[in-house]
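When a ligand or atom number is given, it counts from 1 through the structure's own listing order. In what follows, residues are counted from 1 in the order of the sequence shown. Heavy atoms only: backbone and side chains are in, while hydrogens, waters and symmetry mates are out.
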Amino acid sequence: MSDPKTYLNYIGGEWVAARSGKTFENRNPADTRDVVGLFPDSGADDINDAVAAASAAYNAWRLTPAPKRGEIIFRASQILQQRKEEYAQDMTREMGKVLAETRGDVQEAIDMGFYMAGEGRRLHGVTTPSELPNKFQMSVRQPLGVCGLIAPWNFPMAIPSWKIFPALICGNTVVIKPAEDTPLSTYNLVQALIDAGLPKGVVNIVSGYGPSAGEPLVIHPDVKVVSFTGSTEVGKHVSKLCAEQFKHLSLEMGGKNPMIVMDDADLDLVLAGAVWGAFGTSGQRCTATSRVIAHRKIAAELTERMQAETRQIRVGNGLQEGMQMGPSINEGQLGVVQKYVGIGRDEGAQLVLGGERLSEGDLAHGFFHQPTIFGEVKRTMRIAQEEIFGPVVSIIPVDSLEEAIDVANDVPYGLSSAIYTRNVNNAFMAMRDLYTGIVYVNAPTIGAEIHLPFGGTKGTGNGKREGGTQVLDTYTEWKSLYVDYSGGLQRAQIDNAE
Ligand code: NAD
């Protein structure tokens with residue numbers, strides 16, 4: 001194999017090495033003999049440089065008309081369209097998920113770009129009548145300054161696009177630190193913006209590890225907004241750091257997403273949805289279906305059929321067409337999956353399928369695990385409560401819709417949920433009572449579209465949303481403007497006749 005390419009940080013429009021000169025390896029999780037590239041192992045000095053560049057670029061960008069900002073984002077999306085296949089291949093190589101899914105990941109970034117480009121001609125404020133005569137009033141969105149963006153590895157282009165494009169359209173500048181396992185896809189996204197003509201310093205990318213590169217970004221006093229997607233544990237830490245400086249903060253964190261299956265559901269439909277929801281992206285989606293809460297009348301049949309269907313999943317290197325499930329992202333994550341399989345066994349859950357690492361032939365060079373199903377799981381078991389982030393699903397039998405909803409809500413997370421039923425009353429009760437940011441009816445827990453708000457309740461988030469126009473609230477703050485054209489002093493709330 002040829003020497004791996006060495007990548008550089010992009011700061012103030014220049015490609016530069018980490019000041020320390022250090023790099024880290026990005027390896028293919030499906031075949032660790034394959035080094036995708038060497039990336040800067042950056043520290044606080046590099047972050048300081050990037051924040052300084054973003055601060056210097058802010059004023060000119062803020063004053064660039066939003067429709068013009070939108071034109072650049074629009075061009076970036078067109079470039080992504082042209083490079084979709086190349087960037088999907090890069091992503092599968094560094095992240096492991098199969099090509100069909102990485103194409104979808106790039107597509108999501110394309111969609112987000114076109115959506116936010118259009119927002120350049122909206123960014124609506126509000127006008128409302130004054131309580132006083134000859135007075136006009138309105139509220140407008142103001143950008144905040146430099147945004148520090150921290151991303152996870154599971155959607156390495158889509159999630160950065162959910163952050164970068166809205167931040168930019170609102171007039172902010174950006175420093176992004178990609179996940180250490182998947183920096184290349186974020187570099188590719190930034191490259192599209194550079195090629196679309198983004199002015200120097202408006203977007204800066206600095207790669208590195210969480211504590212050494214992410215944390216200096218979070219605490220930098222010139223970073224006004226932090227947007228973090230990742231684990232609940234790190235998100236809590238980031239939240240405390242931001243609180244010290246009252247920073248604007250968006251948190252998107254873990255999930256333990258339930259799919260309720262009622263006894264009147266179309267089981268063929270359920271089967272397709274449950275297998276896709278549980279094992280798509282090897283279960284490494286924040287919205288992955290990790291609990292199937294099945295009415296006891298159909299639980300045994302569903303378990304049996306899920307076992308048969310899941311057995312057919314082709315696991316392997318996602319670069320090979322026809323593969324349906326790739327590896328875990330790294331050795332640590334594979335270890336977490338194995339640990340939870342052990343916990344499930346010890347807790348007395350019934351191991352219906354899988355449970356082992358896959359290491360035949362070339363699979364031995366990657367972090368592959370069998371798709372795994374536990375049956376007869378009790379709601380309080382750790383495998384039913386804690387995020388595993390791997391190809392493991394728990395089937396929990398229940399006796400009624402009320403119990404199903406109670407079990408669904410009885411976890412520390414609240415990102416996504418689903419119900420399969422042919423009864424419209426069941427569907428509406430679930431839509432009302434499931435306490436998650438997203439609810440699907442007769443569709444699995446994964447598959448959000450970018451133009452609806454995305455985010456979760458409880459331990460999943462801090463009330464912010466990505467996607468939709470709601471994301472604009474993260475990257476702007478409101479300014480209220482009053483214009484009195486009466487020519488006299490008019491006092492609000494005071495009786496002016498006195
Ligand atoms: P992680 O928390 O380990 O890392 C996320 C990012 O935070 C990485 O870029 C990492 O370098 C950085 N980081 C780590 N320590 C830091 C620190 N001290 N200061 C600043 N930054 C730091 O998460 P992960 O393993 O990359 O991603 C998996 C998690 O992300 C899962 O819990 C998953 O549910 C969650 N996730 C949530 C959503 C959502 O929208 N709710 C979407 C995708 C993933």
Side-chain angles (χ1 to χ4, degrees), residues 24 26 29 39 41-44 47 94-95 97 105 108 148-163 175-183 185-186 205-220 223 226-242 247 249-257 281-290 328-337 386-390 411-416 436-438 445-446 448 450 453-467 471 474:
F24 65 89
N26 176 5
F39 287 79
D41 183 357
S42 310
I47 291 291
E94 72 170 348
M95 192 272 166
K97 63 185 174 186
D105 196 309
E108 206 166 309
L149 311 179
I150 297 182
W153 44 262
N154 63 341
F155 280 87
M157 187 179 285
I159 290 179
S161 82
W162 290 1
K163 300 182 188 301
V175 177
I176 184 158
K177 193 211 76 70
E180 47 270 42
D181 283 302
T182 56
S185 297
T186 315
I205 183 165
V206 178
S207 65
Y209 292 94
S212 47
E215 198 154 324
L217 181 59
V218 169
I219 62 176
H220 196 297
V223 170
V226 173
S227 177
F228 169 88
T229 301
S231 61
T232 299
E233 186 190 353
V234 175
K236 188 180 279 185
H237 178 61
V238 165
S239 181
K240 288 178 185 163
L241 294 174
C242 286
K247 288 191 189 216
L249 172 65
S250 170
L251 293 172
E252 293 294 347
M253 301 172 290
K256 190 71 188 171
N257 311 292
T281 324
S282 311
Q284 301 174 113
R285 289 192 184 210
C286 48
T287 52
T289 306
S290 58
S328 291
I329 185 69
N330 55 36
E331 191 143 31
Q333 195 56 44
L334 178 65
V336 171
V337 172
E386 298 172 20
E387 185 180 51
I388 301 174
F389 227 54
V411 290
Y413 302 103
L415 183 51
S416 182
T436 52
I438 307 167
T445 56
I446 64 180
I450 54 109
F454 181 95
T457 62
K458 299 186 278 184
T460 297
N462 63 341
K464 298 285 185 174
R465 290 292 182 267
E466 299 202 292
V471 68
T474 294

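No donor-acceptor pair under 3.5 Å is formed between the side chain of Asn330 and the backbone N or O of Asp181. A donor-acceptor pair is defined here as one N or O able to donate and one able to accept, closer than 3.5 Å; no such pair exists between the side chain of Glu466 and the backbone of Leu251.
Under 4.0 angstrom from ligand 1, the non-hydrogen atoms of Glu387 all belong to its side chain. At a heavy-atom distance under 4.0 Å, only side-chain atoms of Ile150, from C-beta outward, approach ligand 1. Of all the heavy atoms of Ala213, none lies under 4.0 Å from any atom of ligand 1, so neither backbone nor side chain is involved. With a 4.0 Å heavy-atom cut-off, ligand 1 is reached by the backbone of Met253 but not by any atom from C-beta on.
Near Ala179, meaning under 4.0 Å from any of its heavy atoms, are these atoms of ligand 1: 9 (O). Close approach to Ile159 involves these atoms of ligand 1, each under 4.0 Å from a residue heavy atom: 42 (C), 43 (C). Near Leu415, meaning under 4.0 Å from one of its heavy atoms, ligand 1 places the atoms 41 (N). Those atoms of ligand 1 with a heavy atom of Glu180 less than 4.0 angstrom away are 8 (C), 9 (O), 10 (C), 11 (O). Taking a cut-off of under 4.0 Å to the non-hydrogen atoms of Gly230, the atoms of ligand 1 that pass are 2 (O), 5 (C), 23 (O), 29 (C), 30 (O), 32 (O), 35 (C), 36 (N). Close approach to Asn154 involves these atoms of ligand 1, each under 4.0 Å from a residue heavy atom: 43 (C), 44 (C).
In this structure, Phe389 and Trp153 have perpendicular ring planes: the angle between them is above 60°, well past the 30° mark.
In terms of polar-atom proximity, defined here as any N/O pair under 3.5 Å, Trp162 makes no such contact with ligand 1.
Comparing Gly214, Pro183, Gly208, Pro152 by heavy-atom distance to atom 27 (O) of ligand 1, the nearest is Pro152. Considering Phe454, Phe389, Phe228 only, the shortest heavy-atom separation from atom 33 (C) of ligand 1 involves Phe389.
Relative to the ring axis of Phe155, Lys97 places its NZ or CZ within 45° and under 6.0 Å from the centre.
In the model, Glu94 has a side-chain atom that pairs as donor or acceptor with a side-chain atom of Asn26 under 3.5 Å. Counted by atom type alone, Lys464 and Thr474 present zero donor-acceptor pairs between their side chains at under 3.5 Å. Between the side chains of Thr287 and Thr445, not a single donor N or O lies within less than 3.5 Å of an accepting N or O.
In summary, of the residues considered (Ser239, Ser250, Cys242), a side-chain contact (heavy atoms from CB on, under 4.5 Å) with Val226 occurs for Cys242 alone.
Scanning the protein heavy atoms around atom 42 (C) of ligand 1, the nearest turns out to be Cys286 SG, 2.8 Å. For atom 25 (O) of ligand 1, the nearest protein heavy atom (residue, atom name, distance) is Trp153 NE1, 2.9 Å. The protein non-hydrogen atom at the shortest distance from atom 18 (N) of ligand 1 is Glu215 OE1, 2.9 Å. The protein non-hydrogen atom at the shortest distance from atom 3 (O) of ligand 1 is Ser231 OG, 4.0 Å. For atom 14 (C) of ligand 1, the nearest non-hydrogen atom of the protein is Gly210 CA, 3.5 Å. For atom 9 (O) of ligand 1, the nearest protein heavy atom (residue, atom name, distance) is Ala151 O, 2.7 Å.
What you find for Tyr413 and Lys458 is that their closest heavy atoms are O-CE, 3.2 Å. Here the closest heavy-atom approach between residue Gln284 and residue Asn154 is recorded as O-ND2, 3.0 Å.
Here Ile329 contributes atom CD1 and Thr281 contributes atom OG1; the two are 11.0 Å apart, rounded to the nearest 0.5 Å.
Aromatic rings from Phe454 and Trp162 are positioned such that their centres are separated by under 6.0 Å.
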